[in-house]
Amino acid sequence: MAKTAISPTRSENYPEWYQQVIKGADLAENSDVRGCMVIKPWGYAIWENIQRRLDAMFKATGHENAYFPLFIPMSFLEKEAQHVEGFAKECAVVTHHRLEPDGQGGLRPAPDSKLEEPLIVRPTSETIIGATFARWVQSYRDLPILINQWANVVRWELRTRMFLRTTEFLWQEGHTVHASAEEAQAETRQMLDVYAAFAEGAMAMPVIKGEKTAGERFPGAVATYSIEAMMQDRKALQAGTSHFLGQNFAKAQEIKFQNVAGELQHAWTTSWGVSTRLIGGLIMSHSDDDGLVLPPKLAPAQVVILPIYRNNEEKSAVLPYCQSLKSELESQRYDDEPVRVRIDDRDLRGGDKKWQWVKRGVPVLVEVGPRDVQSGGVFRARRAIDAKGVGVPRSEFVATIANTLAEMQQGLFDRAAAARDAATVEIADLAKFEKFFADDAPGGLAYCHFTDGPAMEAKLKELKVTPRCVPLVGGESSGKCIFSGEATSRRAVFARSY
RNA sequence: CGGGCUGUAGCUCAGUUUGGCUAGAGCGCUGCGUUCGGGACGCAGAGGUCGAAGGUUCAAAUCCUUUCAGCCCGACCA
């Protein structure tokens, strides 16, 4: 059996494999603070690429960036009843503003520095941004307001997993205000489309766009939409959400404007977000038993060149060859940008170095030794395609690099889509549903007719399955609820999920 | 918040039951050397108030008490 770079393998122990991929790729590590991680340079570079592309998409759809406070007065959260219920249980609370010696060599919050009103660390910013918007909006001429913020948020989760659910995480949250329900709904759907386009185009991660059922809705929202992806263990991952908030928050926070007729009315708001969880999705969509596999569009380095030499004489021949190769590659463009190239000239053993880059998921690895310099070639390996590599003429390699990256990007998407389709079924009766989600079954995505209700909830809880969404395409169709037998016109995707 | 478990080198852990030499191993790290289109090897070396406090004892990583921290299962989870 071939040696794998990651142990255990996916089939041996999937959750542990996931942890080891992160470790092997040097993406992140656990910190001294429970539930919070340190995102290391390679992991953060991926996040920066995600940010850069999404930010451009937000700007292209008319949004502007702004920044709101980390702290939110506790009373703000109380204003929207469902919102309170959804978030109160996982909030970090700031109660003091000064420390003093505790008399035993340590520190304690100074009793006389207690805050009049506690501040919570934002779990999401609807309330404080809404309060701000209330001051910004007076007339229909002030609308729409289209704002995004890149920020960190804190949700005091009991159970955390790197990137997928951490106590503190990085995200963007868009918040918009509109003069009509139709416009706000259109905004909600537009941003869902942006997320789907990003997930499929940049991450090579196929997603299903759909609406959340009542039980899965964002607290305080009228409608929540999400993109749902399927991971290699056949569990679903909610990768992004977009909420139509109706007038719920506008009423709670007095966001009012005068319309054309001169009447005072409440505005319509939306919010939408994606987080560092996307990186978890990226890992579990493409990576293999040799570690991370990155789609070229998000890879911090698309090509890594490994010079091979044994002495100064060889070094003086090989290094300039590598440097000029790097320049030539950088003059090539892929995805509207120069190809991203690194030379790894660290003083490490060659094999060790190569495997580090394999585990980090770099799409194309190039080894250049004296023989290549002599022959005018390079030795090229493509991640997850031909790991061992093959010798190719340098000029051909350079001329085709953009095409190679494009093919790899598409190949990852196709592979993930095929895996998802192979794990997707249509189920019309409960017995088959139970069998599909039995503990010893592989599981997957099941499309079923349903009606929201106690019959469904009880069965789903027992099977640890949730309705992921009612797909925008194929969600409307008449049939019988597999849980209650009632006639229904709605169909959802069911799965176990992260 | 219930049930179980663990704290010993940077990391993973052995040693604790039955107290007793200078507290160990593997990996990693540093140096030298051999290898090398490759995840290799040899030699030498650095690195520990054994989670913390108190107690029992001639003697404590080991026994007792207290305490702190973390992990797993459950509950919970926009």
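Throughout, a chain's letter reflects where its sequence line sits, starting with A, and its residues are numbered from 1. FYI, side chains are in, hydrogens and waters are out, and symmetry mates aren't considered; it's all heavy atoms of this structure.
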Can you give the dot-bracket line for RNA chain B, where a pair is Watson-Crick or G-U wobble with both atom distances under 3.5 Å, crossing pairs use [ ], and | marks a partner on another strand? (((((((..((((......[...)))).((((((.....)))))).....(((((..]....))))))))))))....
All N/O pairs under 3.5 Å across the protein-nucleotides 40-42 of chain B interface:
from	atom 1	to	atom 2	distance (Å)
B/rA40	N7	A/R349	NE	3.0
B/rA40	N7	A/R349	NH1	2.9
B/rA40	N7	A/R349	NH2	3.4

Under a 4.0 Å threshold between the charged nitrogen and the carboxylate oxygen, would A/E29 count as salt-bridged to A/K23? no
For RNA chain B, determine which residues of [range] have any heavy atom closer than 4.0 angstrom to one of its atoms, and list them numerically.
| range | answer |
| --- | --- |
| residues 214-229 of chain A | A/R217, A/F218, A/P219 |
| residues 267-290 of chain A | none |
| residues 33-45 of chain A | A/R34 |

Closest to side chain of A/A5, choosing from B/rC73, B/rG39, B/rC76: B/rG39
Partner residues of A/H175 under the ring-ring contact (aromatic ring centres under 6.0 Å, His included) criterion, sequence neighbours left out: none
Can you name the ring-ring contact (aromatic ring centres under 6.0 Å, His included) partners of A/F71, sequence neighbours left out? none
Would you please name every residue forming a side-chain contact (heavy atoms from CB on, under 4.5 Å) with [X], sequence neighbours left out?
| X | value |
| --- | --- |
| A/E78 | A/M74, A/S75 |
| A/Q82 | A/E80 |
| A/P41 | none |

Show me the donor-acceptor pairs, under 3.5 Å and distance only, between side chains in residues 377-389 of chain A and residues at least two apart or in other chains.
from	atom 1	to	atom 2	distance (Å)
A/R380	NH2	A/D386	OD2	3.3
A/R382	NE	A/D386	OD1	3.3
A/R382	NE	A/D386	OD2	3.4
A/R382	NH2	A/D386	OD2	3.1
A/R383	NE	A/L292	O	3.2
A/R383	NE	A/V358	O	2.8
A/R383	NH1	A/D288	OD1	3.4
A/R383	NH1	A/D288	OD2	3.0
A/R383	NH2	A/D288	OD1	2.8
A/R383	NH2	A/D290	O	3.2
A/R383	NH2	A/G291	O	3.1
A/R383	NH2	A/L292	O	3.1
A/D386	OD1	A/R382	N	2.8

Under 4.0 Å between any heavy atoms, over every strand shown, what does A/P370 touch: base, sugar-phosphate, or nothing? Just pick one. base
According to the ring pair (Phe, Tyr, Trp, His ring centres under 6.0 Å) rule, which pairs have a member within residues 19-43 of chain A, sequence neighbours left out? A/W42-A/W357
